[in-house]
Amino acid sequence: MVTDSVIYIFDSFMLTPDSKSGTDFFVMRKTLCLLAALALSSLSNAASFSLDLSPTGGGAQNTVSLDGITPQDIFGYETDVWHGTITKSALSGQVSLNDGSLGLQLGGVADVGKGNFAGLKFDMPSGVESAKMSFTITYTSAWGAANFNCDYTCNVYGFTAEGTSTVIGTWSLQNAKASLTQNEPVDVSFDLQLDPDANYSSFGLIFNNTRVANAGGMGCEISNILISGGAVPEPATASLGLLGLGALLLRRRRN
């Protein structure tokens with residue numbers, strides 16, 4: 001364990017009596033170990049991160065595209081600006097990018113296999129080792145046929161500097177109208193599979209609701225959209241100070 005290694009290192013820094021001054025000078029092992037533990041604690045805290053990706057306003061919404069939003073579209077977006085896309089003009093207004101939440105509705109006028117999309121390009125800290133995506137989805141409205149059937153999905157992508165995309169996380173909810181209870185929020189969380197050799201330059205995500213069958217419609221609000229995880233920490237000031245202390249002790253020992 002790391003702590004055991006630190007204790008071993010500081011055991012080696014125990015000083016013998018100073019023969020030049022005739023004064024016994026010892027460094028207390030427990031004090032040094034406590035300093036080491038504090039330094040390691042600060043490193044651990046610095047390694048965690050959390051990004052709130054929830055919309056902060058209108059964004060660029062209600063663009064009509066038969067293909068919805070593709071990963072290539074996401075890569076070309078300005079970072080941290082949400083985009084909404086509908087696959088036909090009759091779906092106008094069914095994507096809303098409000099402050100703190102994404103509204104994603106879908107009516108039966110959508111072609112089967114088509115729907116509405118919302119996408120975002122974002123960055124993560126360098127040196128990310130592990131991460132997950134989480135959000136809250138709430139079924140807020142319904143109209144028409146009671147058995148209207150649509151699926152909700154979310155894909156998260158990692159991009160190389162050239163724009164090559166890899167799916168690093170995915171979530172889906174089939175038959176959302178039957179799977180969710182109206183006005184009862186559901187918390188979702190899933191891990192992102194990060195390839196340590198991929199050298200991602202940026203990231204993106206796409207929410208989509210796709211019509212499966214039947215007439216009618218429904219809407220959901222998606223909020224608390226977070227990316228969180230851990231990154232390789234930078235050297236903390238405390239650890240640098242401990243290294244300096246160790247160097248001074250060793251120098252005094254040699255003298």
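These numbers come from a predicted model, not from an experiment.
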(request) Measure across Leu180 and Cys220 and return the closest heavy-atom pair with its distance rounded to 0.1 Å. (result) CD1-SG, 3.8 Å

(message) With a 4.5 Å cut-off on side-chain heavy atoms, are Trp171 and Val156 touching?
(response) no

(request) Quick one: closest heavy-atom pair of Asp151 and Gln174, and the distance? (result) OD1-CA, 3.2 Å

(request) Kindly indicate whether the side chain of Phe190, heavy atoms from C-beta on, has any atom under 4.5 Å from the side chain of Met133. (result) yes

(message) If I take atom OG1 from residue Thr87 and atom CG from residue Leu106, how far apart are they, to the nearest 0.5 angstrom?
(response) 7.5 Å

(request) Check whether any side-chain N or O of Gln105 sits under 3.5 Å from a backbone N or O of Gly217 as a donor-acceptor pair, and report yes or no. (result) no

(message) Please determine whether residues Leu226 and Leu205 belong to a single hydrophobic cluster, defined as Ile, Leu, Val, Met, Phe, Trp and Tyr linked transitively by side-chain heavy-atom distances below 4.5 Å.
(response) no

(message) Contact between Val81 and His83 at the side-chain level, heavy atoms closer than 4.5 Å - yes or no?
(response) yes

(request) Please report the closest heavy-atom contact between Asn116 and Val95, naming both atoms and the distance. (result) CB-CG2, 3.6 Å

(request) Give a yes or no answer on whether the side chain of Ser54 reaches the backbone of Ser223 with a donor-acceptor pair at less than 3.5 Å. (result) no

(message) If you apply the rule side chain to side chain contact (heavy atoms under 4.5 Å, CB included), what do you find for Val186 with Leu173, and how did you get there?
(response) CA-CA 11 Å; Val186 173; Leu173 177 67; over 6 Å; no

(message) Using side-chain heavy atoms (C-beta onward) and a distance below 4.5 Å, is Arg211 in contact with Phe148?
(response) yes

(request) Locate the shortest heavy-atom distance separating Leu97 from Gly59; write the atom from each residue and the value. (result) CD1-CA, 4.1 Å

(request) Answer whether the closest heavy-atom distance between the side chains of Asp123 and Phe203 falls below 4.5 Å. (result) no

(message) Would a single hydrophobic cluster contain both Val167 and Tyr77, if residues Ile, Leu, Val, Met, Phe, Trp and Tyr are joined by side-chain heavy-atom contacts under 4.5 Å?
(response) yes

(message) For Phe122, is there any backbone N or O sitting under 3.5 Å from a side-chain donor or acceptor partner on Thr79?
(response) no

(request) Compare all side-chain heavy atoms of Asp191 with those of Ser130 and state whether any distance is below 4.5 angstrom. (result) no

(request) Rounded to the nearest 0.5 Å, what's the gap from OH on Tyr157 to NZ on Lys121? Could you check? (result) 15.0 Å

(message) With heavy-atom distances below 4.5 Å as the criterion, would you say the side chains of Ile74 and Pro71 are in contact?
(response) no

(request) First locate atom CD1 of Ile206, then atom OG of Ser165, and finally report the distance between them rounded to the nearest 0.5 Å. (result) 8.5 Å

(request) Please confirm whether the backbone N or O of Val212 pairs with a side-chain atom of Asn149, one donor and one acceptor, at under 3.5 Å? (result) no

(request) Give a yes or no on whether the backbone of Cys150 and the side-chain of Lys177 come within a donor-acceptor separation of less than 3.5 Å. (result) no

(request) Compute whether any side-chain donor of one residue and acceptor of the other, for Asp99 and Thr56, lie under 3.5 angstrom apart. (result) no

(message) Between Leu194 and Val128, does the side chain to side chain contact (heavy atoms under 4.5 Å, CB included) criterion hold? Intermediate values first, please.
(response) CA-CA 8 Å; Leu194 299 170; Val128 172; 3.4 Å; yes

(request) Give a yes or no on whether the backbone of Leu104 and the side-chain of Tyr152 come within a donor-acceptor separation of less than 3.5 Å. (result) yes

(message) Tell me whether Phe117 shares a hydrophobic cluster with Phe207, the cluster being built from Ile, Leu, Val, Met, Phe, Trp, Tyr side chains joined at under 4.5 Å.
(response) no

(message) Are Ile222 and Ile69 linked, directly or through intermediate hydrophobic residues, by side-chain heavy-atom contacts shorter than 4.5 Å (ILVMFWY only)?
(response) no

(request) Rounded to the nearest 0.5 Å, what's the gap from CG on Asn224 to CG on Asp52? Could you check? (result) 7.5 Å

(request) List the steps, then state whether side chain to side chain contact (heavy atoms under 4.5 Å, CB included) holds for Glu221 with Asn98. (result) CA-CA 10 Å; Glu221 290 287 327; Asn98 306 307; 4.0 Å; yes

(request) First locate atom OG of Ser96, then atom CG of Leu102, and finally report the distance between them rounded to the nearest 0.5 Å. (result) 6.5 Å

(request) Can you see which heavy atom on Ala142 is nearest to which on Gln182, and at what distance? (result) N-NE2, 4.3 Å

(message) Is there a side chain to side chain contact (heavy atoms under 4.5 Å, CB included) between Thr164 and Phe75? Walk through the geometry before answering.
(response) CA-CA 9 Å; Thr164 302; Phe75 183 72; over 6 Å; no

(request) Kindly indicate whether the side chain of Thr153, heavy atoms from C-beta on, has any atom under 4.5 Å from the side chain of Thr170. (result) no

(request) Please report the closest heavy-atom contact between Ala131 and Phe49, naming both atoms and the distance. (result) CB-CZ, 4.3 Å

(request) Starting at CD1 of Ile86, measure out to NZ of Lys114 and round the result to the nearest 0.5 Å. (result) 13.0 Å

(message) Keeping Thr210 on the side-chain end and Gly113 on the backbone end, is there a donor-acceptor pair under 3.5 Å?
(response) no

